[in-house]
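Working notes, structure below.
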2 protein chains.
Amino acid sequence: MSLRNTRQRSAVSALLAEVEGFHSAQDLHAMLRDRGERVGLTTVYRTLQGLADAGEIDVMRPPGGEHLYRRCSEGHHHHLVCKACGWTVEVAGPAVETWAERVAAQHGFTNVSHTLEIFGTCPPCSP
Amino acid sequence: MSLRNTRQRSAVSALLAEVEGFHSAQDLHAMLRDRGERVGLTTVYRTLQGLADAGEIDVMRPPGGEHLYRRCSEGHHHHLVCKACGWTVEVAGPAVETWAERVAAQHGFTNVSHTLEIFGTCPPCSP
DNA sequence: GCGAGAACGACAATGATTGTCAAAAACGCA
DNA sequence: TGCGTTTTTGACAATCATTGTCGTTCTCGC
């Protein structure tokens, strides 16, 4: 399978490289429109899905509903997310990684991946 | 807030006590219908939500789509889920709990919760 | 037994995501 | 550079779990 370089794919990648934090597909689509880029919503969804599959961006499924996408630093890590304002901090947890793999191995599981999100209230949002 | 005991709430609780593994709201609703219990789908959703809020059942949001509910053992724990057949194992990880709280505290976060799911392929489903 | 308030449930509404398919663009090759 | 093949695009429709609505029904304390 060969991936072709298209204007739309570049635009999405470029946008993700510039923005901070998590954004929904619809957010990103709106931003592209504001920039004058003409990209269809369907294409934004598919492009994000492709990037996520390729491991180039992170996907988060907050309890609230829509999927959020974000360009992240390299390597595996997790997120500490403020329930109130959405502000996120990347956290690394080597101990957790090894723990997860060990537990999975104990039960004979292979091809293991995992998701971990920590939710809380950040200092500015505390009453 | 006072929770009232209704036939429907009892039916949902009883069903959850009997079935194994995770089931979607629609699944559970169908099972109730098969039993002859007349419960509305809306009510099943609301009841499950209430039970989840009360911490009596677990909610899982698999990448596939719908929410899955399950009556779980007491105490905080996580799940090791087979991507192929859905078979799940409960796993406890005290180390992870303390790690999550410590990380959150380091960043000044309060009111902390977290979600952790491990996905893999269980032995019977391995090729 | 009674009444206020909670819960129910049929139905409509929401809204993110996915499918469709003809038109357009990209790439390999000569 | 020109051409044909194959992928990609994107407007629109379709899907589908979940949530809102609101009149009716049921609980529970008194």
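Numbered from 1 within each chain, the chains take letters A, B, ... in sequence-line order.
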How many Å lie between [atom1] on [X] and [atom2] on [N], as a whole number?
X      : N       : atom1 : atom2 : answer
R9(A)  : dC27(C) : CZ    : C1'   : 13 Å
R4(A)  : dA24(C) : CZ    : C1'   : 12 Å
H23(B) : dA17(D) : NE2   : P     : 16 Å
L48(B) : dT19(D) : CG    : C1'   : 14 Å
R38(A) : dA25(C) : CZ    : P     : 10 Å
D27(B) : dC16(D) : CG    : P     : 15 Å
L41(B) : dT21(D) : CG    : C1'   : 15 Å
Q49(B) : dG9(C)  : CD    : C1'   : 16 Å

Legend entry - Over 12 non-hydrogen atoms of neighbours within 6.0 angstrom of CZ in R38(B): no

Legend entry - More than 12 heavy atoms of other groups within 6.0 Å of E18(B) CD: yes

Inset, instruction - Would you classify T42(A) as touching base, sugar-phosphate or nothing, given that sugar-phosphate means primed atoms plus P, OP1 and OP2, and contacts are heavy atoms under 4.0 Å? - result: base

Inset, instruction - Give one of base, sugar-phosphate or nothing for R46(B), where a contact means two heavy atoms less than 4.0 Å apart. - result: base

Is there a side-chain contact between [X] and the phosphate of [N], meaning an N or O under 4.0 Å from OP1 or OP2?
X      : N       : value
H67(A) : dT17(C) : yes
Q26(B) : dC16(D) : no
T43(A) : dG10(D) : yes

Candidate nucleotides [options], ranked by approach to the side chain of [X] - the nearest:
X      : options                  : result
Q8(A)  : dG10(D), dG5(C), dT19(D) : dG10(D)
T6(A)  : dT18(D), dT8(D), dA16(C) : dT8(D)
E66(B) : dA17(D), dG5(C), dT7(D)  : dA17(D)

Inset, instruction - Go through the steps to decide whether Q49(B) and Y69(B) satisfy the test side chain to side chain donor-acceptor pair (under 3.5 Å), and finish with yes or no. - result: CA-CA 9 Å; Q49(B) 217 159 54; Y69(B) 301 89; 5.5 Å; no

Inset, instruction - Could you say whether Y45(B) or N5(B) is positioned toward the 5' end of DNA chain D, judged by the nucleotide with the nearest heavy atom to each? - result: Y45(B)

Inset, instruction - For the residue pair V91(A) and H107(B), establish whether any side-chain heavy-atom pair is separated by less than 4.5 Å. - result: yes

Inset, instruction - With side chain to side chain donor-acceptor pair (under 3.5 Å) as the test, would you mind laying out the steps for E97(A) and H114(A) before giving the verdict? - result: CA-CA 8 Å; E97(A) 317 300 327; H114(A) 63 273; 3.0 Å; yes

